[in-house]
Amino acid sequence: MTNGTVQVTNDYALQLDNLDEFKDYRNEFYLNPGSIYLDGNSLGLMNKHSENKVSEILNDWKTLGIDGWTQGTYPWFFISERLGEMMAPLVGAEAKEVIVTGSTTVNLHQLVATFYKPEGKRTKIIADELTFPSDIYALKSQLMLHGYDPEEHLIRVKSGDGRFIEEDDIIKEMTDEVALIVLPTVLYRSGQLFDIQRLTAEAHKRGILIGFDGCHSVGAIPHYFSQWDVDFGFWCTYKYLNGGPGSVAALYVNKKHFGRHPGLAGWYSSNKNKQFDMEHTLVPEETAGAFQIGTPHVLSLAPLISSLEMFAKVSIENIRKNSLSKTQYFMDLIKEELSNMGFTIGNPLEDERRGGHICLEHEEAIRICKALKENQITPDFRAPNIIRLAPIAFYTSYEDIFKTVQILKKIMLDKQYEKYENKRGVVS
Ligand SMILES: *Cc1c(COP(=O)(O)O)cnc(C)c1O
């Protein structure tokens with residue numbers, strides 16, 4: 001749509017907005033008038049139907065008490081499966097391969113506890129050195145549970161430039177000492193999108209299981225986990241999926257692994273018809289549902305219902321096209337308007353390798369973020385020098401992007417950032 005011939009005018013942004021097939025969805029979200037929200041990759045905004053879903057569930061509790069489990073508008077006993085089914089198309093899985101449960105980190109623990117089976121000299125796990133810390137902590141603690149020294153048994157594939165990890169470098173580490181690989185779909189800082197299909201094929205050629213953390217892609221980028229034969233996946237629902245703070249996460253298990261005993265079992269791992277038999281011998285469900293542990297956090301899944309209903313109206317492929325167009329427009333404007341001001345675009349430029357956010361590097365990033373906030377723009381800071389800016393298909397307009405770049409330019413020209421302290425907040 002922009003083709004390197006971007007016009008630096010507000011009118012042009014409005015023209016693009018006019019052609020935006022997602023433009024009407026913007027009205028379905030709570031946006032603060034006069035402000036611009038570019039942090040949907042950390043916490044997606046609330047859609048206006050979410051409140052109703054929370055109220056419906058509270059009302060079921062109010063009027064039905066315990067019977068809400070089977071007779072609620074969304075019977076709570078089956079709600080995790082129902083949402084898993086709604087989520088499945090977003091990752092290219094069959095309905096039974098996805099369950100909405102737990103949290104990202106808990107699901108990672110569950111999946112590693114299930115799929116990491118060290119044997120003989122195959123004891124190592126591959127991750128990468130740019131991965132989100134929680135994933136690394138979880139992997140190290142799983143290794144320690146097995147009595148292994150994480151320094152020796154966790155391979156963190158190195159980055160050449162601190163931004164990207166080359167797939168070839170990951171493949172080089174896939175030796176016969178490796179039992180399991182856990183990688184992000186998209187790196188949380190630079191937004192690099194991995195070639196999931198290729199990495200999966202290469203791992204399988206060498207008899208290694210592989211799973212992906214989809215926190216930074218699910219809801220923005222289509223995946224085809226079943227077709228690619230990915231072994232397992234897990235992701236949060238509060239970033240691109242707009243499920244709300246602390247909303248219940250999701251996991252995917254390839255159906256070829258159904259029947260595996262969950263590493264961390266609980267009564268919700270049970271075959272649903274047998275769960276209330278209260279036997280001490282677990283008969284796990286023959287679906288991804290087997291990887292649930294306990295009672296679903298019903299109130300924390302309520303907003304996700306309305307969000308997934310919205311996703312069901314559009315195609316994830318079109319969301320991706322829209323997101324790519326908006327990140328391209330963002331980069332074009334940055335190149336036109338912010339050159340020679342110390343900025344570097346730190347995300348991959350190619351469509352096939354770019355995630356849903358722009359990674360803008362600047363040595364004054366922290367103070368620039370504070371100035372943006374004062375100008376009613378919400379960015380996302382990642383130490384030491386990254387400003388993450390995520391245009392969201394559903395609710396970010398081209399005009400938002402245009403205005404953001406104009407305000408950034410003014411912040412730099414007026415040196416507005418100089419009045420702030422160079423210190424990050426507790427949450428950034
Ligand atoms: C957001 C994110 C998490 C967060 O994990 P929680 O258990 O939801 O706190 C983990 N990993 C990655 C890659 C993330 O982006």
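One-based numbering, in listed order, for ligands and for the atoms of each.
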_Distance-only side-chain donor-acceptor flag, Ser300 / Ser247, under 3.5 Å_ = no
*Side-chain donor-acceptor pair under 3.5 Å between His357 and Thr327, yes or no?*
no
*Checking Thr114 side chain against Gln110 main chain: does a donor-acceptor pair fall under 3.5 Å?*
yes
*List by chain and number: which residues place a heavy atom under 4.0 Å from ligand 1?*
Ser103, Thr104, Thr105, Phe132, Asp135, Asp213, Cys215, His216, Tyr238, Lys239
*Do the side-chain N and O atoms of Asp229 and Thr200 include a donor-acceptor pair separated by under 3.5 angstrom?*
no
*Mind checking the NZ-CZ spacing from Lys140 to Arg156? Nearest 0.5 Å is all I need.*
5.5 Å
*State plainly whether the residues Arg26 and Asp20 are in salt-bridge range, i.e. N to O under 4.0 Å.*
no
